[in-house]
Amino acid sequence: MITINAIPKIIHGTSASRRLRSDNMFPAIIYGGNYPPVFIILDHNIIIKLQEKSKLFTEKLILLVNEKENYVKVKEVQHHPFKSKIIHIDFIRVEL
């Protein structure tokens, strides 16, 4: 399984997301199960490199948020209309 480090997202909103994207990061969300949704920040370069080398969007993944493991699968990916950039990813929790 692929392990990805994520940062918890504290500031929400459109302008905060735009600032993230200008810093080569992007917002994401983990939802599902009996837990509340978790808003996170991912590094764009790391995700693009993982995407090229593996089956990132089809395999189960481990997202580390505050050293807590979240077992997830990619549910939806939003891409920029004409740039090769990821805008947002939705992850859904899965059982191991």
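At a threshold of 4.5 Å between side-chain heavy atoms, the hydrophobic network of Ile, Leu, Val, Met, Phe, Trp and Tyr places Ile30 and Leu42 in one connected group. A continuous path of hydrophobic side-chain contacts links Ile2 to Phe57 [ILVMFWY only; heavy atoms under 4.5 Å]. Hydrophobic clustering keeps Leu64 apart from Leu50 (ILVMFWY residues linked when any side-chain heavy atoms are closer than 4.5 Å, directly or through intermediates). Cluster membership check: Val77 shares its hydrophobic cluster with Val38, using side-chain heavy-atom separations under 4.5 Å among Ile, Leu, Val, Met, Phe, Trp and Tyr. A single hydrophobic cluster is seen to contain both Val74 and Ile48, as judged by linkage of ILVMFWY side chains at heavy-atom distances under 4.5 Å, directly or through other members.
Using a distance-only test at 3.5 Å, with no hydrogens or angles considered, no donor-acceptor pair links the side chain of His79 to the main chain of Ser84. When atom types are taken as modelled, the side chain of Arg93 and the backbone of Val72 share no donor-acceptor pair closer than 3.5 angstrom.
A cation-pi contact, defined as under 6.0 Å to the ring centre and within 45° of the axis, is absent between Lys60 and Phe91.
The shortest side-chain heavy-atom distance between Arg21 and Ile87 falls under the 4.5 Å cut-off. Counting only heavy atoms from C-beta outward, the side chains of Ile40 and Leu63 approach each other to under 4.5 Å. Residues Leu20 and Phe26 form no side-chain contact, since every pair of their non-hydrogen atoms from C-beta on lies 4.5 Å or further apart. Contact of the Pro27 side chain with the His12 side chain is not registered, since no non-hydrogen atoms from C-beta on lie closer than 4.5 Å.
Every residue meeting the side chain to side chain donor-acceptor pair (under 3.5 Å) condition with His88, not counting sequence neighbours, appears here in chain and number order: Asp90. With sequence neighbours excluded, no residue satisfies ring-ring contact (aromatic ring centres under 6.0 Å, His included) with Tyr71.
Ile4 pairs in a side chain to side chain contact (heavy atoms under 4.5 Å, CB included) with only one of the listed residues (Leu56, Asp43, Asn70, Val65), which is Leu56.
In plain terms, the two heavy atoms of Lys85 and His44 that are nearest each other are CA-NE2, 3.4 Å.
Residue-environment remark: CD1 (Ile92) exceeds the threshold of 12 foreign heavy atoms within 6.0 Å.
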Test side-chain contact (heavy atoms from CB on, under 4.5 Å) applied to Ile86 and Gln78, step by step
CA-CA 6 Å; Ile86 297 172; Gln78 296 175 8; over 6 Å; no
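Side chains of Thr58 and Lys73: no donor on one and acceptor on the other come within 3.5 Å.
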